[in-house]
Undergrad: 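This is the structure I want to talk about, given as structure tokens.
Chain identifiers are assigned alphabetically (A, B, ...) following the order of the sequence lines, protein sequences preceding nucleic acid strands; residue numbering begins at 1 within each chain.
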Amino acid sequence: MAKIQARILRGFRDYLPADMIPRRAMFSKVEDVFRIHGFAPLLTPALEYSECLLGKYGDEGDKLLYRFEDNGGRDIALRYDLTVPLARMVAMNGGLTLPFKRYQIAPVWRAEKPGRGRFREFFQCDADIIGAAGPDAEVEILSVGVGILKALHVGGFTISMNHRGVFDGLLAGIGVEDPEKKAEVIRTLDKLDKIGQDRVMEILASEVGLPASSLERIAEFLSLEDGDLDAAKTFFDGDEVAIAALDSMASTLSLAQEMGIGDHLEVRLSIARGLDYYTGLIYETTLTALPDIGSVMSGGRYDGLMSMFGAPAHAAVGISLGVDRLYAALLELEEIERKESPTEVLVTVFDEESRTAAFQFTHALRAAGVAAEVHLGNTKKFGKQFRYADKKQIPYVAILGPDERAEGKVRIRTLADGSEQLLSNAEAIQTLASTSS
RNA sequence: GUGGGUGUAGCUCAGUUGGUUUAGAGCGCCAGUUUGUGGUACUGGAGGUCGCGGGUUCGAUUCCCGUCACCCACCCCA
């Protein structure tokens, strides 16, 4: 048989056990937070009809779809995100009780050029509330975000929020109405933190071509104190759209404050978010300890997306976790660690005569809920069994040799410090069951 | 998509100013020192079409061209 070179598609990757174990632990904590906030899990197909995805992400996005013809000649594509399939599902299920709260953790595919931290297949983790307008839903979403970061023990963090209405007002005020141009200006403003105000003004002047009077107005806007909503209201005096946006943020902030999650929130009028479909609140999150990795959690309100499928317009607000960034951050902070095996106890097989006892003890451990594995393979080299446990970071080794069996006991060795305890089987199982969670 | 850089063992990298004969190191892996005990130490071993294709040459892992992959920056995002 011809040998085939083992290889993997560019931008795709295997998640090996050493990463999957801590990764799943992280997801499990996240799911707990979704659950206690009343979000239900949803699963949608990897493949969708192309027409359901096309035209939702802009021209650039359409080009990045993985698009095929299936064996039946249907024009299909791999999902590009989780939000559009959610909208499709909501449009197809008119009987859903609103507000509808769902979360979904699943891979999405984009035919982009891969780079550092950028893949063609990656996971998104979204929670959204469909069918609830106003600050209440916003506060619930922010509460989820705060809850997750607390559950993950990331340390300090700041959720910076803004409102698209602020930009709508600002840009209408200086006569920028063309959606294309609006998006361009907003994308440029979004780079403020990265490249600084001078460079932003430069780009707006030369590349976007804004007149001097507009630039002046934007410079004045950028010099507003973040978080000073009163000053912002004065600046936008008479601009109904912007004032409504500022008021909406103020009530979100005050409800969040009273709920007890306000400490992590701040208003930052410069943040913009790249996606065009946001219509209200927008926010992103940076970790105090690792600001350089960028936003680990972001989202906003996107009323209107549902109506693209001909369904009634539904209010919608959501949150999206940057799970790969969060995972990297947790490793960096040593809040989680890579681990090759879930096994808590390796039960060694001392010799042929000990095999039955080893298997029986292993079975009893499993019945008590302890992750246990019995050594597989030849028993000639007893030391190799310990080496195996050590390499797989298995914390405990059980020994049932002739000496132990003669006493009706089992020896439990803790590999971390080399200490050993001689216990009855029942005692050993009880001890191990209580130390392994 | 544009520009720059790098491809030698599972990983991180030396090296060959073109030359026969065994292309090396550290880590990792396997085995032994140690037939009731891993992590340390010592000893030995396996593992390489020098990314792939073509060209120049008496001779290419080394030089040239192409190609693919990876890295960095820009763009865009998660």
Undergrad: I'd like to check A:Met89 versus A:Leu96 (side-chain heavy atoms, cut-off strictly below 4.5 Å). Are they in contact?
TA: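 Answer yes - side chains close enough.
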
Undergrad: Could you write out RNA chain B as dot-bracket? Rules: Watson-Crick or G-U wobble, both distances under 3.5 Å, brackets [ ] for crossings, | for pairs with another strand, dot for unpaired.
TA: (((((((..((((.....[....)))).(((((.......))))).....(((((..]....))))))))))))....

Undergrad: Report yes if a side-chain nitrogen or oxygen of A:Lys381 is closer than 4.0 Å to either non-bridging phosphate oxygen (OP1 or OP2) of B:G36; otherwise report no.
TA: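 No, because none of the side-chain N or O atoms of A:Lys381 sits under 4.0 Å from OP1 or OP2 of B:G36.
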
Undergrad: Counting only heavy atoms not in A:Glu337, do more than 12 fall under 6.0 Å of its CD?
TA: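 Not more than 12 within 6.0 Å, no.
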
Undergrad: Assess the side chains of A:Ser160 and A:Glu284: does a donor N or O sit below 3.5 Å from an acceptor N or O?
TA: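 Short answer, no.
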
Undergrad: Measure from the side-chain heavy atoms of A:Phe122 and tell me the nearest of B:C76, B:A78, B:G36.
TA: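 Among the listed nucleotides, the one closest to the side chain of A:Phe122 is B:A78.
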
Undergrad: Nearest whole Å is fine: how far is B:A31 P from A:Lys384 NZ?
TA: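 Nearest whole value for this atom pair: 4 Å.
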
Undergrad: Please report the distance, rounded to the nearest Å, between NZ in A:Lys63 and C1' in B:C75.
TA: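 It works out to 12 Å between those atoms.
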
Undergrad: Tell me whether A:Glu332 at atom CD has more than 12 heavy atoms from other residues, nucleotides or ligands lying less than 6.0 Å away.
TA: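 It does not: A:Glu332 CD has 12 such atoms or fewer within range.
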
Undergrad: Between atom CZ in A:Phe382 and atom P in B:U33, what is the gap in whole Å?
TA: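 Rounding to the nearest Å, CZ of A:Phe382 and P of B:U33 are 17 Å apart.
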
Undergrad: For A:Glu404, report the nucleic acid contact type (base, sugar-phosphate, nothing); a contact means any heavy atom under 4.0 Å.
TA: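 Base, at least one base atom sits under 4.0 Å.
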
Undergrad: Considering only atom P, compute the distance from B:C52 to B:A60 and round it to an integer number of Å.
TA: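 One P to the other, the span is 15 Å.
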
Undergrad: Take the protein atom CD of A:Glu352 and the nucleotide atom C1' of B:U35, then report the distance between them rounded to whole Å.
TA: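 Rounding to the nearest Å, CD of A:Glu352 and C1' of B:U35 are 14 Å apart.
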
Undergrad: Any N or O donor-acceptor pair under 3.5 Å from the base of B:U37 to the side chain of A:Gln385?
TA: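 No pair found.
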
Undergrad: According to the interplanar angle, ranging from 0 to 90°, do the rings of A:Phe68 and A:Tyr66 count as parallel (below 30°), tilted (30 to 60°) or perpendicular (above 60°)?
TA: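 Ring orientation, 0 to 90° scale: parallel.
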
Undergrad: Using the C1' atom as the reference point in each nucleotide, state the distance between B:U62 and B:U2 in Å, no decimals.
TA: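 It comes out at 31 Å once rounded to the nearest Å.
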
Undergrad: Side chain to side chain contact (heavy atoms under 4.5 Å, CB included) with A:Phe157: which of A:Leu287, A:Leu290, A:Val296, A:Leu152?
TA: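 Filter result, single survivor: A:Leu287.
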
Undergrad: Mind running a 4.0 Å heavy-atom check of residues 11-21 of chain A against RNA chain B and sending the residues that fall below it, in number order?
TA: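 Those residues: none at all.
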
Undergrad: Taking the P atom in each of B:U33 and B:G26, what is the distance between them to the nearest angstrom?
TA: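 Here B:U33 and B:G26 have their P atoms 23 Å from each other.
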
Undergrad: Indicate, with a heavy-atom threshold strictly under 4.0 Å, whether A:Gly294 touches base, sugar-phosphate, or nothing.
TA: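 Since no nucleic acid heavy atom lies under 4.0 Å of A:Gly294, the category is nothing.
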
Undergrad: Side chain of A:Arg10 only, heavy atoms from C-beta on: which candidate in B:G36, B:G1, B:A69 is closest?
TA: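 For A:Arg10, the side-chain atoms sit closest to B:A69.
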
Undergrad: Once the angle between the rings of A:Phe27 and A:Phe123 is folded into 0 to 90°, is it parallel (under 30°), tilted (30 to 60°) or perpendicular (over 60°)?
TA: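 Ring orientation of A:Phe27 relative to A:Phe123: tilted.
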
Undergrad: Would you say A:Leu43 has more than 12 foreign heavy atoms packed within less than 6.0 Å of its CG?
TA: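 At most 12 heavy atoms, drawn from other residues, nucleotides or ligands, come within 6.0 Å of this atom.
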
Undergrad: Please state how far atom CZ in A:Arg120 lies from atom P in B:C77, giving the value in whole angstrom units.
TA: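 My rounded result for the distance is 18 Å.
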
Undergrad: Stacking check: are the rings of A:Tyr388 and B:G38 less than 5.5 Å apart at their centres and under 30 degrees in tilt?
TA: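 Here A:Tyr388 fails the 5.5 Å or the 30° condition.
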
Undergrad: Given B:G38, B:G32, B:G36, identify the nucleotide with an atom nearest to the side chain of A:Asp390.
TA: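 Per side-chain heavy atoms of A:Asp390, the pick is B:G38.
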
Undergrad: Contact class for A:Asp403 vs. all strands (heavy atom < 4.0 Å): base, sugar-phosphate, or nothing?
TA: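 The residue A:Asp403 makes base contact.
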
Undergrad: When you compare B:G5 with B:A25, how far apart are their P atoms, in angstrom units rounded to a whole number?
TA: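 Nearest-Å result for B:G5 against B:A25 at atom P: 32 Å.
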
Undergrad: Distance between the P atoms of B:G59 and B:C68, in whole angstroms?
TA: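 Comparing P positions in B:G59 and B:C68 gives a spacing of 29 Å.
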
Undergrad: Between B:U21 and B:U6, how far is it from one P atom to the other, in whole Å?
TA: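 Looking at atom P only, B:U21 and B:U6 are 28 Å apart.
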
Undergrad: Ignoring backbone atoms, establish whether A:Lys391 has a side-chain N or O less than 4.0 Å from OP1 or OP2 of B:C30.
TA: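 True: A:Lys391 side-chain N/O within range (under 4.0 Å) of B:C30 OP1/OP2.
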
Undergrad: Would you indicate, yes or no, if B:C30 has its OP1 or OP2 atom less than 4.0 angstrom from a side-chain nitrogen or oxygen of A:Arg387?
TA: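 Looking at the OP1 and OP2 atoms of B:C30, one of them is under 4.0 Å from a side-chain N or O of A:Arg387.
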
Undergrad: Please compare A:Arg325 and A:Pro114 by the position of their nearest nucleotide in RNA chain B and report the one closer to 5'.
TA: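 The 5'-side residue here is A:Pro114.
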
Undergrad: Given B:G38, B:U37, B:C76, which nucleotide is nearest the side-chain atoms of A:Leu415?
TA: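 Closest nucleotide to the A:Leu415 side chain: B:G38.
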
Undergrad: For B:G36, does either OP1 or OP2 sit under 4.0 Å from a side-chain N or O belonging to A:Arg411?
TA: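 Looking at the OP1 and OP2 atoms of B:G36, neither is under 4.0 Å from any side-chain N or O of A:Arg411.
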
Undergrad: Just call it for A:Leu321: base, sugar-phosphate, or nothing, with non-hydrogen atoms closer than 4.0 Å on any strand.
TA: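 Result for A:Leu321 = nothing.
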
Undergrad: In whole Å, measure the gap between the P atoms of B:G24 and B:C29 for me.
TA: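 One P to the other, the span is 23 Å.
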
Undergrad: Does A:Arg187 make a side-chain N or O approach to OP1 or OP2 of B:C76 shorter than 4.0 Å?
TA: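 Yes, because at least one side-chain N or O of A:Arg187 sits under 4.0 Å from OP1 or OP2 of B:C76.
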
Undergrad: Take atom CZ of A:Phe386 and atom P of B:G36, then tell me their distance rounded to the nearest Å.
TA: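 Atom-to-atom, A:Phe386 to B:G36, this comes out as 12 Å.
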
Undergrad: Of all the nucleotides listed (B:G39, B:C75, B:G32), which has the minimum atom distance to the side chain of A:Arg118?
TA: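 The closest nucleotide is B:C75.
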
Undergrad: Would you check if there is a donor-acceptor pair between the side chains of A:Glu373 and A:Thr343 at a distance under 3.5 Å?
TA: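 Side-chain D/A pair, A:Thr343 to A:Glu373: present.
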
Undergrad: Short question: side chain of A:Asp75, backbone of A:Glu69 - any donor-acceptor pair under 3.5 Å?
TA: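 Answer holds: no.
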
Undergrad: How far does the P atom of B:U56 sit from the matching atom of B:G15, given to the nearest Å?
TA: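 One P to the other, the span is 30 Å.
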
Undergrad: Identify, between A:Lys191 and A:Pro402, the residue whose nearest nucleotide on RNA chain B lies closer to the 5' end.
TA: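 Final value for this comparison: A:Pro402.
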
Undergrad: Would you kindly give the CD-to-P distance between A:Glu112 and B:U2, to the nearest whole Å?
TA: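 Going from A:Glu112 (CD) to B:U2 (P), I get 16 Å.
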
Undergrad: Please report, rounded to the nearest Å, how far the P atom of B:C70 is from the NZ atom of A:Lys113.
TA: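 To the nearest whole Å, that distance equals 10 Å.
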
Undergrad: Taking only Lys NZ, Arg NE, NH1 and NH2, and the carboxylate oxygens of Asp or Glu, determine whether A:Lys101 and A:Glu140 approach each other closer than 4.0 Å.
TA: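 A salt bridge is present here (some side-chain N lies under 4.0 Å from a carboxylate O).
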
Undergrad: Can you confirm if the aromatic rings of A:Tyr103 and A:Phe39 lie within a centre distance of less than 6.0 Å?
TA: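 No, they do not, as the ring centres are separated by 6.0 Å or more.
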
